[in-house]
Amino acid sequence: MSDLFRGARVIMGKLLQAGHQAYLVGGCVRDYLLNREIGDIDIATSARPEEVRSLFSKTIPVGIEHGTVIVRMEHVSYEVTTFRKEGTYTDRRHPSSVEYIDSLVEDLSRRDFTINAIAMDEAGNLHDPFGGRQHLKEKKIKTVGAAEKRFMEDPLRIMRALRFWSVLGFTLEAETGKACTALADQLKAIAVERIAMEFIKLLRGVEAPSCLKFIFKTELVFSLPELHRYKNSANSLYGVQWTGLEHDEERWAALLFVLGVEDPAAFLKAWKQSNALIRSVQQLIGYLGKDELARMDLYDLGEEQAVSCQRVMNVIKGKPVGEMLTLVQKRFRELPIHQRKQLAINGKDVVKDNERMKGPWIQEMLRKIEQAVVEGEVINEKSAIMEWVRSWKEK
């Protein structure tokens, strides 16, 4: 077993010594078998939550009503959850009741997909009652049990299926795929914020083009905010090299620009995105139609945003992802100034020299000065700038 599980082994060992069962479960096992980077590590156990808390000195009862206790070990958090079976999902997200049980197989039977229903014991032995390991080999996404039942419990699992398809490079098993489209309308009952989290993760995957095509060619497009309005321009999305983009703002900007969205703010508000992200995406989109970023573009964007903008420009134009990124950084760093406070003068200097009342004209003049300095029309020295201002007024 990988050293990444060292802390988990300590926890499992204590649980076993106390007479309980303990297994690694879910995504950490899946990713271990796929040789992928492992994120959160989850442990399933026959121990009740209060028994887990009594065995460890550092615990957090974060989800104790559903049997989950966080155990802190070597500055890492591990979710330890009691084997359970669940009642009906009345709110399309959480079970109405939870009953603790002693059966690993019954606990695994409530999980979403077979590739997430594989358990590993402390010796590294796999427990795979639903064929998840075979589906990993076949690169298939299949629900545990009937797909319709799993998706009706929590329709967000439809988006999770697409996300795993995209990120893992898998395909949907036939019945699972049919259920995704047949029950697409159920997504309308899910909080948009939850859908957006899965959708943006989908755009990070190697199979994002295939997943987007599936969405736009099926009923799913009518269950996701705004997308149905752009069915006619969706074909352009399928050739985008989504994995070349590094930030979610870049992915949203590429999506909206290629679709031809006229009001990015309204689109992103429908997806419940933050105001900060909306501002960033709007700024990027404003420059994507250009062949090259000018000096003032670089100045207004800032170094990080300018690099992001160039990266999106490369991707949507089918150019190598890394093309011109270093040059953009070099050009930005060579600018005479990088922000207004670096100007050799300020608003008070402008007012004093012009003997005018304060007003909006000051900001307009400072903007003209910024542009003149950035474009190299005048050096960034107070006397030179004031002389340029006087000569500019006389024109």
Side-chain angles (χ1 to χ4, degrees), residues 25-27 29-31 33-34 42 44 66 84-98 103-119 126-192 194-199 201-202 205-224 227-228:
V25 292
V29 178
R30 178 198 68 226
D31 291 339
L33 294 173
L34 291 173
D42 298 328
H66 294 110
R84 70 192 191 197
K85 63 180 180 180
E86 302 171 337
T88 56
Y89 282 65
T90 54
D91 67 351
R92 302 297 182 89
R93 183 175 185 181
H94 300 113
S96 58
S97 62
V98 170
S103 169
L104 171 66
V105 173
E106 192 170 359
D107 179 78
L108 294 175
S109 71
R110 67 179 175 80
R111 297 175 184 270
D112 52 7
F113 305 108
T114 60
I115 61 173
N116 295 332
I118 308 170
L126 297 178
H127 300 259
D128 181 21
F130 303 104
R133 195 173 188 188
Q134 181 60 35
H135 294 146
L136 286 177
K137 293 179 180 178
E138 296 173 356
K139 297 187 175 182
K140 286 185 179 178
I141 306 297
K142 184 183 185 307
T143 57
V144 175
E148 292 84 356
K149 179 182 178 182
R150 285 286 93 95
F151 291 156
M152 286 299 293
E153 289 171 345
D154 183 356
L156 186 69
R157 288 170 173 167
I158 295 172
M159 294 302 297
R160 282 173 57 81
L162 299 185
R163 189 244 293 181
F164 286 129
W165 169 8
S166 177
V167 172
L168 298 179
F170 285 15
T171 58
L172 298 179
E173 176 267 340
E175 293 304 314
T176 301
K178 289 179 183 177
C180 282
T181 56
L183 299 176
D185 195 58
Q186 299 298 317
L187 281 168
K188 294 177 181 177
I190 302 302
V192 172
R194 298 179 69 208
I195 294 174
M197 287 179 65
E198 296 297 334
F199 183 74
K201 289 177 182 177
L202 179 160
V206 294
E207 286 296 328
S210 299
C211 288
L212 287 170
K213 183 179 290 187
F214 184 76
I215 288 171
F216 276 95
K217 299 293 185 183
T218 66
E219 292 300 304
L220 279 163
V221 73
F222 297 103
S223 298
L224 302 179
L227 291 184
H228 67 280

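Every value quoted in this text rests on a predicted model; they were computed, and no experiment measured them. Index from 1, following the sequence.
In this structure, OG1 on T114 lies 11.5 Å from CG on L108, to the nearest 0.5 angstrom. Residue R160 holds its CZ atom at 12.5 Å from SG of C180, rounded to the nearest 0.5 Å. Interatomic distance, CZ of F130 versus NZ of K142, reported as 10.0 Å (0.5 Å rounding). Going from atom NZ of K178 over to atom OG1 of T218 covers 14.5 Å, rounded to the nearest 0.5 Å. In this structure, the separation between NE2 on H127 and CD1 on I118 is 12.0 Å, given to the nearest 0.5 Å. The SG atom of C211 sits 10.0 Å away from atom CZ of F199, with the distance rounded to the nearest 0.5 Å.
Residues D128 and A117 share a closest heavy-atom pair of OD1-O, 4.4 Å. Residue G169 comes nearest to K139 through the heavy atom pair O-CD, 4.3 Å, listed as atom of the first residue, atom of the second, then distance. The two residues E207 and S210 come nearest to each other via the heavy atoms OE1-OG, 2.7 Å. Heavy-atom minimum distance, G132 versus I115: O-CG2, 3.8 Å. Across all non-hydrogen atoms, the minimal contact from R157 to F113 is O-CZ, 3.4 Å. Considering all non-hydrogen atoms of both residues, L220 and I158 come closest at CD2-CG2, 3.8 Å.
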Using the side-chain contact (heavy atoms from CB on, under 4.5 Å) rule, take M152 and Q186 through it: C-alpha gap first, then chi angles, then the decisive distance, then the call. CA-CA 8 Å; M152 286 299 293; Q186 299 298 317; 3.8 Å; yes
Under the side-chain contact (heavy atoms from CB on, under 4.5 Å) rule, what do L187 and M159 come out as? Steps first, then yes or no, please. CA-CA 9 Å; L187 281 168; M159 294 302 297; 3.9 Å; yes
Can you check side-chain contact (heavy atoms from CB on, under 4.5 Å) on I141 and L162, steps first, answer last? CA-CA 9 Å; I141 306 297; L162 299 185; over 6 Å; no
Begin from the C-alpha positions of L126 and V29 and carry the test side-chain contact (heavy atoms from CB on, under 4.5 Å) through to its verdict. CA-CA 9 Å; L126 297 178; V29 178; 4.2 Å; yes
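Using a 4.5 Å heavy-atom threshold, the side chains of R111 and D107 count as touching. Taking 4.5 Å as the limit, every side-chain heavy atom of F151 sits out of range of all side-chain heavy atoms of D112. Side chains of T181 and F214 form a contact here, defined as non-hydrogen atoms less than 4.5 Å apart.
Under a 3.5 Å cut-off, the side chain of T176 and the backbone N or O of L172 do not form any donor-acceptor pair. Of the possible donor and acceptor atoms, none in the side chain of W165 sits under 3.5 Å from a partner among the backbone N and O of T171. For R150 (side chain) and V144 (main-chain N/O), a donor-acceptor pair under 3.5 Å exists by modelled atom type. A distance-only check finds a donor-acceptor pair linking the side chain of S223 to the backbone of A184 [under 3.5 Å]. Checked by atom type and distance alone, the side chain of R84 pairs as donor or acceptor with a backbone atom of H66 at under 3.5 Å.
Salt bridge R163/E198: present, at least one basic N to carboxylate O contact under 4.0 Å.
More than 12 heavy-atom neighbours from other residues, nucleotides or ligands sit within 6.0 angstrom of NZ on K201.
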